[in-house]
Amino acid sequence: LCNLKEVKVLKTSAIILAAGLGTRMNSELPKVMHKIAGRPMLLYLLDTLSELELEKVVLVLGPNMEQVIDFVADSGFKVDIVIQDERLGTGHAVKQAKKNFSGYKGNIVVLYGDSPLIGTNTIKKMINTRNETINPALVVLGFSPNDVSGYGRLMLDKPNSVEKIVEEKDATKDELANRLCNSGIIIADGEILFELIEELSCENSKKEFYLTDVVGIARARGRECLVVEGTETELMGINSRAELAVAETITQNYLRQAAMEKGATLIDPSSVYFSYDTIVGRDVVIGPSVFFGPKVRVSDGVEIKAFCHLEGTTINKNCTVGPFARLRPGSNISEDVHIGNFVEIKNASLGRGVKVNHLSYLGDAKIGERTNIGAGTITCNYDGYKKSETVIGSQSFIGSNTALVAPVVVGNNAIIGAGSVITKDVKDNALSLTRAEQKDISNYGSKLERMRKRN
Ligand code: UD1
Ligand code: CA
């Protein structure tokens, strides 16, 4: 991995194969759209490739994958899409990109859409090996997983030199004993890749044109094929929901580690779930069983207690949240705010020092600095037809069990009596309450007692 920067520069392009049906996922959704840590698999690959300054990226899709096409268009990545009308194998899939590379001289990395966790450095290592003076036709990325089942095997005849790749279904017993597996990722000499592919045959157990057979063909032409090895955690293939769950665990472990390295304490790391884009500051403490959906940013010194669910939320310094709080998209929490148990916040901004400690819903609201929201306060933001806003000034006190019927504005330094239903604006410094007057009937208790005795 050293000397990465001093590589002989040879331009590189990529082809991502994602036309397969993903049958074992048993899903309406194309496989590459299934999410890991909240982000579709495909985006992991596009993101990794974007760090490599490639010449071009071609994505091979199957018919009826409009959803993926739209998604790629929205992602902002520059990708050429080609359609493989019939799924005749990984070799046939690469062939669909031939017209995108006419006259091309340089490397072509072929990646599989269902192996999305590969890192930039591993691809760089392959590019380096490919650029070595012996000019290998191909560099194949191998790995030795714990469970080798389902993977093709790399057959070496000299150190680092691959003679052929054998698919599991076509392998002999001896070949199956070899634990060095094919990750599917290759980097090839772009000038000859499509020539090699023209020579593929489909005489194998699946009756498919296997990309993996290009190794044997290149060797028959006297060209070298080298192997580079990677790890299971970045190269595992995702063919089923069970494998998707393994990829999720791998990714979560990575995200947990990264948060801890940046100075967050995770009391029980294995129970905290991050999104690929969660940002967590220093001296943040995260309790057990906290879930982060997309777009959450947590500043330094924040404590998130057990069993919170957060998405689309920004939390500024030194706040405490939870236990059992739900922060939904559009929540903007200023410094020193306390959000307690069973509080839900949606599309609301809370000013510095606000306290909302128990059993409340604040939706479509703006709350001024140091305002105290009593237990059970609800913003009634929806009238069955449209959403409306509640605005509360600073240093106000909202009594317990208040219903704020939006649209409504409560001023600064205002006090709302407990149990009120507020439908009209409340001025600065006013006390407002809507509760019915209390009636007392004396000696009612002893009357009741007599009635009970009589029966
Ligand atoms: C493939 C490899 C195997 C390797 C494993 C690594 C082949 C023949 N086998 O097996 O050696 O160990 O990946 O995970 O390459 N695809 C198309 N069009 C097709 C067929 C597949 O685009 O006609 C795409 C799929 O969407 C997928 C990728 O190619 O992203 C791999 O196909 P898949 O069927 O999953 O191959 P494996 O059996 O996993
Ligand atoms: Ca696969």
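In this chain, numbering begins with 1 at the start of the sequence shown. Indexing begins at 1, ligand by ligand and atom by atom, following the structure's order.
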Under-4.0 Å salt bridge between K158 and E224
yes
Identify the protein heavy atom lying closest to atom 36 (O) of ligand 1, giving its residue, its atom name and the separation to 0.1 Å.
T90 CG2, 4.8 Å
Heavy-atom distance to atom 24 (C) of ligand 1: which of V166, L17, L211, V148 wins?
L17
Does the pair T314 and I333 meet the rule for a side-chain contact (heavy atoms from CB on, under 4.5 Å), with working shown?
CA-CA 6 Å; T314 299; I333 315 299; over 6 Å; no
Is the closest N or O pair between A19 and ligand 1 shorter than 3.5 Å?
yes
Side-chain touch K355/V337, heavy atoms, less than 4.5 angstrom
no
Assess whether a salt bridge exists between K105 and D189, defined as any Lys/Arg side-chain N lying under 4.0 Å from an Asp/Glu carboxylate O.
no
Under 3.0 Å from the Ca ion (ligand 2), which protein N/O/S atoms are there?
D114 OD2, N239 OD1
Run the contact test for C181 against ligand 1 with a 4.0 Å cut-off on heavy atoms, strictly below, and give the result.
no
Candidate list R153, K169, K164, test salt bridge (charged side-chain N to carboxylate O under 4.0 Å, His left out), partner E175, passing option:
K164
Could you tell me which atoms of ligand 1, counted from 1 in the order shown, lie closer than 4.0 angstrom to a heavy atom of A93?
17 (C), 18 (N), 22 (O)
Just to confirm my output: which protein heavy-atom neighbour is closest to atom 4 (C) of ligand 1, and how far is it?
N182 O, 3.2 Å
Could you identify the single nearest non-hydrogen protein atom to atom 35 (O) of ligand 1 and state the distance to 0.1 Å?
D114 OD2, 3.0 Å
Where do E389 and A406 come nearest, in terms of heavy atoms and distance?
O-CB, 3.5 Å
Could you tell me whether G237 and ligand 1 have an N or O pair separated by under 3.5 Å?
no
Sub-4.5 Å side-chain heavy-atom contact between L255 and F292:
no
Evaluate F77 against V72 for side-chain contact (heavy atoms from CB on, under 4.5 Å), listing each step before the verdict.
CA-CA 7 Å; F77 288 104; V72 170; 5.5 Å; no
What is the ring orientation for Y44 with Y276, classed by angle as parallel under 30°, tilted 30 to 60°, or perpendicular over 60°?
perpendicular
Short N/O distance, under 3.5 Å, between E86 and ligand 1?
no
Looking at atom 25 (C) of ligand 1, what's its closest protein heavy atom, distance included?
G20 N, 3.6 Å
Salt bridge check, D364 against K387: does any charged N sit closer than 4.0 Å to a carboxylate O?
no
Do any heavy atoms of V60 fall under 4.0 Å from ligand 1?
no
Pull out every atom of ligand 1 sitting under 4.0 Å from any heavy atom of G152, numbered as shown with elements.
3 (C), 4 (C), 11 (O), 12 (O)
For Y112 and ligand 1, does the shortest N/O to N/O distance drop below 3.5 Å?
yes
Backbone or side-chain N or O of I165 under 3.5 Å from ligand 1 N or O
no
K11 bridged to E53 by N-O distance under 4.0 Å
no
Under 3.5 Å between some N or O of ligand 1 and some N or O of Q84?
yes
Would you call the rings of Y151 and F143 parallel, tilted or perpendicular, taking 30° and 60° as the class edges?
perpendicular
